[in-house]
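Worth knowing before you read on, the calculation uses all heavy atoms, side chains too, and leaves out hydrogens, waters and symmetry mates. Letters A, B, ... mirror the listed sequences (proteins, then strands); counts begin at 1.
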Amino acid sequence: MLRYSLKRLISLILSLAVASVVIFTVIEVAPGDPATFMLGVNAQPDTLAALRAELGLDASKLQRYVDWVGGMLTGDFGTSYTYRTPVSQMIADRMWVSLPLALYALTLSTLIAFPAGIYAAARRGKPGDLAVMGATQLGIAVPNFWFAMMLVLIFAINLRWFNAGGFAGWDNGLWTGLQSLTLPAIALALPQAAILARVMRSALLDILGEDFMRTARAKGLSRRQALWRHGMRNALIPVLTIIGLQFSFLLAGSIIIEQVFYLPGLGRLVFQAISARDLIVVESVVMLLVFAVITVNFLVDLAYAAVDPRLRSRT
Amino acid sequence: MSLLQIENLSLAIHGVDILRDVSLSIDPGQIVAVTGESGSGKSMTALTVMQLQPNGAVAEGSVLLDGQELLNHPEAEMCRLRGASIGMVFQEPMTALNPVKTIGDQVMETILIHKAMPRNQARDRTQEVLTRVGLPVDRLPLSRYPHELSGGQRQRVVIAMAIALRPKLLIADEPTTALDVTTQAQILDLLKGLVTEYGMGLLMITHDLAVVSEMADQIVVMRRGEVVEADATADLLRNMQHPYTRMLFEASGHHVILPEVPQTYPLLEVANVVRDYRLPRKRLFDAPGQHRAVDQVSFTLNKGERLGLVGESGCGKSTLTRAILGLEEIQQGEILLDGQPVFSSHKPNLDVRRRMQVVFQDPFGSFNPRHRVARLITEPFHLLNTPPTGSDRQDRVAEILKAVGLRADDATKYIHEFSGGQRQRIAIARALIIRPELILFDEAVSALDVSVRAQILDLLAELCAAYDLTYLFISHDLSVVRTITDRVLVMQAGQIVEQGETEHVFGDPQHSYTRALIAAAPQLPEIGKGAA
Amino acid sequence: MSRNLILGLCLSSLVLLAALISFVWTPYSHAALNIPAKLQTPSLQHWFGTDHFGRDMFSMIMVGARTSIAVATVAVGIGMTLGVPLGLTAAARKGSWLDEVIMRGNDMVFAFPSLVIAILITAVFGAGAINAIIAIGIFNIPVFARITRGAALSLWEREFILAARVSGKGAARISAEHILPNVANLLIVQGTIQFSLGILAEAGLSYVGLGAQPPTPSWGRMLADAQTMVSFAPHLALIPGFAIIVTVLGLNLLGDGLRDWLDPRIRVARA
Amino acid sequence: KSDIKIAMQLEPPHLDPTSAAAQAIDSVVYTNVFEGLTRFMGDGSVVPGLAESWEISDDGTVYTFKLRDGVTFHDGTVMDAEDVKFSLDRAIAEDSANAQKALFAGIESVEVVDPLTAKVTLSEPNGNFLFNMAWGDAVIVAPESIDNIKTNPVGTGAFTFGNWVQGDSITLNRNPNYWGDEPALETAAFKFISDPTAAFAAMMAEDVDVFDNFPAPENLPQFEADPRFQVLVGSTEGETILSTNNMQPPFDDIRVRQALAHAIDRKAIIDGAMFGYGTPIGTHFAPHNPAYVDLTGESAYDPEKAKELLAEAGFADGFETTLHLPPPSYARRGGEIIAAQLAEVGITAEIINVEWAQWLESVFNGKDFGLTIVSHTEPMDIGIYARPDYYFQYDSTDMQALMDTLNTTTDPEERAKLLGDAQRLISNDYVNGYLFQLAKLGVAKAGVQGLWKNAPTAAIDLTVIHWSE
Ligand SMILES: Nc1ncnc2c1ncn2[C@@H]1O[C@H](COP(=O)(O)OP(=O)(O)OP(=O)(O)O)[C@@H](O)[C@H]1O
Ligand SMILES: Nc1ncnc2c1ncn2[C@@H]1O[C@H](COP(=O)(O)OP(=O)(O)OP(=O)(O)O)[C@@H](O)[C@H]1O
Ligand SMILES: [Mg+2]
Ligand SMILES: [Mg+2]
């Protein structure tokens, strides 16, 4: 177990190192000068040069890479070119929107997918199964931003049950905060729930065909008991993979949804920063997202081991 | 009144008849063996008793347990009976246990699910049962997971689960087929002991007639969903009524006559061969572990000689085969074919390779399903410098197909159009097509039904005469090796512990391991005489 | 043939047909503006109505299908032509450094949030169909590499591969002759799934303005254009939305149907 | 009700109006937090700000400003002539980060005469000087608070900086020590909603009270029809033009540029891109300005004539060029329409959508473009036509002479005449395609009063906003 974790940890660190080089390189070739952008059309060359020096844009690329990575290691993500505030501060603020949103959506999608998948698996081939599977096919096919548009149209503009967007902040209480995240979370969660429900169903069906399920039935467990006691934990293994992937997707892939609901989250920050050529913010946020994805996958790997004793003992 | 009484049981799955008018009965303390070839409906009969038939199955007739009708019995009632009144053991111990639960939990579940006793008592009972099946808790704690157990140990756990509540009836579906002979003997002993001790009825399904005749009080022979013959063991063995039964028994003890070995010279020389596998490190900074799969093996195979290799699963037989074929590099020693090394300067020696061929065990997995037979069996032509082309090639294909008992126009078919036995013929055709000097048979008949196996063995004997075959025949089935080889090697944990003339070794084994092997192998009684 | 397969085939070929016909015929020119006739609801003249520039929506949907299909096809093509050989190589050299490098590389690509990278790529090299294709294509490579390797690894364990090795065939030859044909079904099914994901990705990128540029119509951009008008001209958003749904649904059903038809045992990844 | 939520499209990068071009900064802080010597009113007029009055020397080069007494910064320090000198010196300094350095170009020196009197000496007369001093880039800042001005702006205005939730909103609070009339509002929150759909949804759901410059003109009829809202349609200083690279062939040929002008149907563009909002212009000048001359007739929509002109210039079969479009919808939508219209006369314009940063780099600085659409929002900016290095690269000695004269002219009538000449000159030279004056589209709850209808500069003047009873 320890060895397994350590090995995964080393590959995690390596991945992060390569990722940092890739991100830095890609972003450095991006056209567009942050200083020009900040000063606009009427800026004079000497003003621009002054600003560039102030932002440290005149240092060599290598120097800037080293500074960037070194800074990140000590928790200092640098200072945003455009906002002139510490990037770590900005990220921390946005994180309080994106992370709860991702968790909320993940919870929703799990809450929808698990019962749906189990229900469908239990009624394989029957009308209930066909209905659930039909719905999930549809769920996968619906682009989430379109779905978000429809949600806004119906629930915010016509019915006025929810705010159309924006984030009320956690200061006004948990409830208001959750309320502003509800529509976005639904928009994000439903397509993911559709995928998860399908995975859940097929994982369960696979398990139902396993020999040990027959053994369990021969012991006198009813179909349902066998499913819960022996099916679930085994089915969880493929399902965990998907949940891991989905979490990263939800965290990083909510750019569009944050845009539709004008939530001040990480995704929107990246988008804004890219258009403002706020390179340091882009670099740091992308790096952070990659870090999150890699870490989540690492955790999923560890969760595997918790679920599956075969992995645990594999030295 | 019998414990279990099956009468005129018919079963159809989605309209296809699987069982027709099956009748049999079991008394308490009695062992009834159901036998027959693959697909004859043995398992379906058992599953119908358990009321665990696949979806879409419709059963007619009657299945009475203690006078109680089980067919169409309410599911909730059945749940109460399963595990408590009827226990069942399945064939595949590797997959019959849930990999993510401890063995203790799994055995205890049988007790808890029937609310037979409170948890702490259930725990004691679990320990007791596991001890009874030969897994004393001090050596094998309840907290072990299935993957930490060997196949035989797992099968004991499955049995423990089935007998934890001392059911009146135990059904065992091929409980030992996946196990080594020595382990098989232990499990069979265990089952027999349980029957006498608990007075259970045992419905035992097996296709191994030797096992049947040793174990059963009653024998039921099935064929294509019907019972063709059923009688007390002694009576049946003495007086077989149905030709199918007779054919089965004859095929099981099939003997072939091999042609004499001509004047000869050493063809294959294996000297001090060692094959190590690297194991993953135990701890991060340890040196990687090593597993010695083949350990200082030396032997010589003469031209025209038929050599056998026997040994338990995992003893290194296949590894040795791969080394001889030059598919893997060996760590020590030397393998020479006709004086030339099979592996030179870290590369397989193609000159040598083209003089050897191999036939594998799995008649389903050893062919690319997307190619036609002609292409499949000509694959070894790749080894030749100037492979035959055009009509020459077709002739060779036709000739070899005929030699293995198939028709020339089978060449254009796909592999899924053939039965298991036919596939094995095709595998032999593929091995023969480049007229190799040495053929390796790795468990080449182990997956076949007895009747088919007998045909293949006959075919081999014919081919020996026709083609002067030299081969190394690997099998864990001693009776097969005994009839098809001249000389035999006995392998244990990577080492050759005994070798010599086949009859000599089997008749008068020197090494204790050989003796154990032979003792464990169930003996088929002389037909017409009756069991011991 | 299952119901899924038939329905999937029908929907997919409907979309494909619309795309093909659009080369020779559309009811109106998809690019012709007619501002006085803007925002008309569906009618006999304009089956799907007109957009905010008075363009015929039906024609735009037809030509948009072309864009979607073209982008997704090339992106899946990139993923396959690079991913499959990588996967085959990794499987053939299982456990070697090459395998390690390929698989770690795959993990790397997976670790990048795809949309962010797509946005980065288009931000660096400019928005446009080509860059959208590259962005989507890159993320297809590891999908195909991984699934090919997985399937190939289990094939390498099969005895017929051993038989081919005994016949003296090398890894490359075995990969091409035995492995590839046996993973083809899987690749076809996965390809269909990736194709539908490609359509969705293209729509997403176009929606944020990074896909095909005007005047090339694209469903995603039609949605983006329609966004502020849903409240008074809902057909502008509903029609392209349905076009995407129908296409993706059709492809997914086709993929599932093909899987059941070709080989019910194969697994596809969807992430 | 004494609080208000005002939405705007862009979030300011920081809050120092003197060191960035972003208009969003001015929208939040102009006159609310920071004040200059002079200031714009809602109608575009320039009135005294922190300077109570001023005297101009006869030669027009020395301005003596009399400052208001008793004005303090939000941190309690007194605003005096030292601060004026500090602010102006900072703007003209070598390492100044001021985005509109040209506004201060003529300043030779700033002297403190006494705490309430500051004297500014120009190198030559500048008729625009008071106008220039009204810009947000010329507000008065204090040396005591300059270090943190970007995140904690300290000015003299009627509102103090409250807090900033980045990506979401900025809050301002009433300044109890304000020198002027007490504003009706106690607090004001500026919310940033960039997405037009979200803007519509937020207004409709009454999440915000005012949308300063509503980004989706197509939604205005819905607000007009809804009694909960009022719509304020005004004018901005934004001349929306099809900027043409005058140095790049074939646009160096006036016939090609004229063809371009005749190929464009302004009405279709205003209808299609702006849903009817916007005033057609025929030159680079705001129609609401008294000096405006209507020259739209010079470049009437006439595709036949455009084709003839092209043929004359040797492009009977048209040519290919690029059309760079920055993000605002006037450009993106207008661009699509223009590309279609140009296609009618045989010109193939490849649309290249760009972010502002790219636009600045490749179009504005790199001058690597054929055509682009942009709204020039600086007030009174016809002077850019006298700068041959400006991105559209119009090099006309006539225009340069005209502007030199204008800069030294202070007589209003004379100035109007000169401005008219300049408008005609660039119109006749078809320097750029002149499309329309960008409308200011404000949406507000019915009860909100005092909002600026026009936008002489980017500002949301909170001091005059109040709720009706
Ligand atoms: N789920 C199922 N659906 C339909 N037919 C089935 C199913 N399972 C088994 N069969 C068919 O039922 C018949 C009897 O199968 P069964 O498993 O009882 O054979 P068996 O005698 O146990 O063979 P083996 O020795 O190979 O285990 C076979 O023809 C098989 O093809
Ligand atoms: N690739 C490998 N890596 C590590 N260990 C291996 C490998 N292949 C085989 N072994 C180990 O080598 C030993 C011998 O295996 P081998 O397959 O030769 O046994 P066998 O005698 O053919 O058994 P069976 O009768 O089950 O086929 C076993 O313990 C096995 O676990
Ligand atoms: Mg069976
Ligand atoms: Mg073996």
Taking Thr95(B), Leu47(B), Leu97(B) one by one, which has the highest count of heavy-atom pairs under 4.5 Å against chain A?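 Ranked by contacts with chain A, first place is Thr95(B).
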
Chain A shares the most heavy-atom pairs under 4.5 Å, among Glu75(B), Glu92(B), Met78(B), with Glu75(B)

Start with the C-alpha distance between Gln51(B) and His73(B), add both sets of side-chain angles, then the distance that settles side chain to side chain donor-acceptor pair (under 3.5 Å), and finish with yes or no. CA-CA 8 Å; Gln51(B) 287 289 288; His73(B) 201 53; over 6 Å; no

Between Glu210(A), Gln225(A), Arg223(A), which shows the greatest number of heavy-atom pairs under 4.5 Å with chain B? Gln225(A)

Using the test side chain to side chain contact (heavy atoms under 4.5 Å, CB included), find all partners of Leu190(A) that sit at least two apart in sequence or belong to another chain. Ile112(A), Phe147(A), Ile186(A)

Partners passing side chain to side chain contact (heavy atoms under 4.5 Å, CB included) against Ala46(B) (at least two apart in sequence or in another chain): Met88(B), Ile171(B), Ile205(B)

Only pairs at least two apart or in different chains count here, so list each side chain to side chain donor-acceptor pair (under 3.5 Å) that has a residue in residues 117-135 of chain A. Asp129(A)-Arg201(A)

Under 4.0 Å between a side-chain nitrogen and a carboxylate oxygen: does that hold for Asp66(B) and Lys168(B)?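 Salt bridge flag = yes for Lys168(B) with Asp66(B).
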
Only heavy atoms, only distances under 4.5 angstrom. Which residues in residues 156-165 of chain B are near chain A?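 Listed by number, the contacting residues are Met161(B).
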
Tyr145(B) side, atom OH; Asn98(B) side, atom CG - distance, nearest 0.5 Å: 10.0 Å

Test side-chain contact (heavy atoms from CB on, under 4.5 Å) on Val137(B) and Glu128(B); report intermediate values, then the result. CA-CA 8 Å; Val137(B) 178; Glu128(B) 188 189 313; over 6 Å; no

